[in-house]
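Shown next, in structure tokens, is the structure this report addresses.
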Amino acid sequence: MKYLCYDKTQLMRFFLLGLLEVLVITLKAQHKTYSVGAISAAHPLAVEAGVEMLRRGGNAIDAAVAVHFALAAVYQVAGNIAGGGFAVVHIPEGQVLALDFRETAPMAATADMYLDSNGKPIKRASLDGAPSVGIPGTVAGMKMLHDSLGCVSWQECLQPAIELAKGHKLTKYMADHWNNNAKEMLRINGQLPSFLNLYVPFKEGDWLVQTELAETLESIAVFGSDSFYLGTFAQQMAEFLKSKGGRHTHEDFALYRALWRKPQLISYRGYSIYTMPLPSAGGIGLHQFLKMAELLCFNRVKPYTVKYAHFFAEMAKRVYADRQRYLGDPMAVDQIEIQKIQSEKYLKSRAASISKRRITPSDELGASQSGKIESFQTTHYCTADSSGLIVSITTTLNGYFGSKLYYKGMFFNNEMDDFSTAPGHSNQFGLPYSEVNKVRPGHRMLSSMSPTIVVKDGKPIAALGTPGGSTIITNVFQVIELMIRGWGLQSAIDQKKLHAQWLPEDLIVEKGALTPKKLRKLSRMGYNVQEIEQIGIFNGIEIQDKKMIPAADFHRKGNSAAGGL
Ligand code: GLY
């Protein structure tokens, strides 16, 4: 492997680049403090939309709704109307709520819908175009949040997004995403949205006008979620999807509901961590991860040592092996097994089976099958206000621009790929087939999205989350674990990330996380180490007394931004 043959000059370069990177991080980290409200999101214009709600006297929910729809206009690669997500909300009275607006399979969906007549998977059928689309949950989710806790009008919350759809300046990051995906959009749609031209690529600063999107947003602003799920618009979406090979009906839209769920509560070293329960694998995964970490006194292991990477990978392997065997839509799982895999007795035995030196072969933890992690797209945002209302939302289209199927300004998700669609085959995150997560009509596909709020002595101290598909759980674990060691949210976010997930049997590390010597040592232990440029794009808010300090991946690739009043 490349890192095995660094010479002295390269090592010096590695050291100097590392030093430079730390300086850049320090300069870029904002550490600004706000007392009225704060926002952290994946695009500065979406942050501005949230801040505008605070200026108008809105609360953290109003800001979150404004951020969400603004992301659909300026961060179309993952921001969405026709996607879904999860919200974890801390209310001023101290309670924490969890809202599930995950997509559902159409009622005509079947477990074999992505297989040909020989039982073989049809290439990219669960990833491209109408067959890959789940019934979107975003509009129902946003409306539910707003109806429950919002204070300025729904129309006002959507206004910034409407203005942004009418025109805004492209960032380099988004110009590149449009250019990189235009060809696939053409293949899937047969034509491109009128603002996109294959032969005249976008550049930074170009003015993007999305007239159809502005009209769709206006209709949602005026008619609320009814127009999206019950009216002519729903009928037209279903007919469009059907004409493109989907199994969607008007009834599927009418049947869609966002659901309040009991959040997953994890006690870790005196902190209460609230995150998303099933259909996210994040809640149970983080519970298992943090409990094993506590049992192994992982907080005493020096970060970014060989021992740290090894223990981290061993815990992750166990979390992902159980994910494959037991987790899925709450209606499909065996509740007795779900209780068992979270019990102290079980986690003690799992932690005790971790050896200091030996790597556990994956097939000792379950059946073997491997895949490759391909895509990391989704987005996270947080809002908070001085009343103690804090919102942590992870939302997704799944792939870049989802299914890339474009309709009336929106891209439809390709969330059906988060189901296990073909026995013996992995999905785009390399997650292996799982019977409990197979396609069932009306069910929600298993997710990794883990919007989280951390509470200490009854007071919220942080909200956080990240995109990254299957890497979300390992990375939320890392940030929480480092933060609770006392690193502060921003510096925990700034640290390099590691990832492992049982299958594929790789230890994935962000470039620079471990020195060449440590990488060599891990290789000698038997790890198949892969260095990659970037894992995740965190957004969060740290809360100290009544002060809100937004944090974000300012130095990683992306458009992350923060602001407030
Ligand atoms: N679509 C990625 C996830 O939900 O985990």
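All values below were derived from every heavy atom in this structure, side-chain atoms included, with hydrogens, water molecules and symmetry-related copies excluded. Please read all numbers here as calculations on a predicted model, not as lab measurements.
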Could you tell me whether the side chain of [Y] reaches within less than 4.5 Å of the side chain of [X], counting heavy atoms only?
X: H68; Y: L71; result: no
X: Q478; Y: L498; result: yes
X: M445; Y: R102; result: yes
X: I393; Y: V67; result: no
X: V152; Y: N59; result: no
X: I338; Y: I284; result: yes
X: L489; Y: V479; result: yes
X: L327; Y: V436; result: no

Donor-acceptor contact present, side-chain [X] to main-chain [Y], <3.5 Å:
X: K497; Y: Q534; result: no
X: K317; Y: T360; result: yes
X: Q288; Y: I341; result: yes
X: S420; Y: S434; result: yes
X: S392; Y: L464; result: yes
X: Q495; Y: S491; result: yes
X: H310; Y: S355; result: yes
X: K518; Y: Y304; result: yes

Quiz item: Charged N to carboxylate O under 4.0 angstrom, R440 versus D329?
Solution: no
Quiz prompt | D62/R56 salt bridge by N-O under 4.0 Å criterion | solution = no
State, to 0.1 Å, how close [X] and [Y] come at their nearest heavy-atom pair, and which atoms those are.
X: D553; Y: S560; result: O-CB, 3.7 Å
X: F429; Y: G469; result: CE2-CA, 3.4 Å
X: S35; Y: S386; result: O-CB, 3.2 Å
X: G84; Y: T395; result: O-OG1, 2.8 Å
X: A66; Y: M53; result: CB-CG, 3.5 Å
X: W260; Y: S148; result: CZ2-OG, 3.5 Å

Self-check item: Mutual orientation of the aromatic rings belonging to F312 and Y308 [parallel < 30°, tilted 30-60°, perpendicular > 60°]
Solution: parallel
Exercise. Just say parallel, tilted or perpendicular for the rings of F477 and F289, cut-offs at 30° and 60°.
Key: parallel
Side-chain H-bond candidate by donor/acceptor type, [X] with [Y], under 3.5 Å:
X: Q428; Y: N398; result: yes
X: R318; Y: S353; result: yes
X: Y173; Y: H43; result: no
X: S448; Y: R323; result: yes
X: Y433; Y: E435; result: yes

Can you measure from [atom1] ([X]) to [atom2] ([Y]) and round to the nearest 0.5 angstrom?
X: S267; Y: E294; atom1: OG; atom2: CD; result: 8.0 Å
X: T378; Y: E415; atom1: OG1; atom2: CD; result: 7.0 Å
X: I453; Y: C382; atom1: CD1; atom2: SG; result: 7.5 Å
X: L290; Y: I484; atom1: CG; atom2: CD1; result: 7.0 Å
X: N475; Y: E481; atom1: CG; atom2: CD; result: 12.5 Å
X: R257; Y: D100; atom1: CZ; atom2: CG; result: 13.5 Å

Quiz item: Do K32's NZ or CZ and the ring of Y34 fall within the cation-pi criteria of under 6.0 Å and 45°?
Solution: no
Practice problem: Verify salt bridge (charged side-chain N to carboxylate O under 4.0 Å, His left out) between K356 and E314, making sure each step is shown before the conclusion. | Solution: CA-CA 10 Å; K356 278 188 189 154; E314 285 286 304; over 6 Å; no
Quiz item: How about K456: does its NZ atom have over 12 heavy atoms from other parts shown lying under 6.0 Å from it?
Solution: yes
Quiz item: For atom NZ of K340, is the number of surrounding heavy atoms from other residues, nucleotides or ligands below 6.0 Å larger than 12?
Solution: yes
Quiz item: Looking at T471, T474, D506, which one forms a side chain to side chain donor-acceptor pair (under 3.5 Å) with H499?
Solution: T474
Quiz item: Among N413, L397, N80, T104, which residue meets the side-chain contact (heavy atoms from CB on, under 4.5 Å) test with P136?
Solution: N413
Quiz prompt | Working for side-chain contact (heavy atoms from CB on, under 4.5 Å), residues W487 and D494 | solution = CA-CA 10 Å; W487 287 46; D494 289 341; over 6 Å; no
Quiz item: Can you list the residues that meet the ring-ring contact (aromatic ring centres under 6.0 Å, His included) rule with H287, with sequence neighbours excluded?
Solution: none
Taking only distance into account, with no hydrogens and no angle test, what donor-acceptor pairs under 3.5 Å do side-chain atoms of residues 270-277 form with protein atoms, sequence neighbours excluded?
unit_1	atom_1	unit_2	atom_2	d
T275	OG1	P451	O	3.0
T275	OG1	T452	OG1	3.1

Quiz item: Just one of Y381, W154, Y75 clears the ring-ring contact (aromatic ring centres under 6.0 Å, His included) bar with F69, so which one?
Solution: W154
Exercise. Could you please spell out the steps behind the salt bridge (charged side-chain N to carboxylate O under 4.0 Å, His left out) verdict for R556 and E510?
Key: CA-CA 11 Å; R556 284 187 172 86; E510 257 186 329; 2.6 Å; yes
Quiz item: Partners of S447 by side-chain hydrogen bond (donor to acceptor under 3.5 Å, both in side chains), sequence neighbours excluded?
Solution: none
Exercise. Check step by step if ring-ring contact (aromatic ring centres under 6.0 Å, His included) holds for F538 and H380.
Key: CA-CA 7 Å; F538 264 85; H380 183 84; 7.9 Å; no
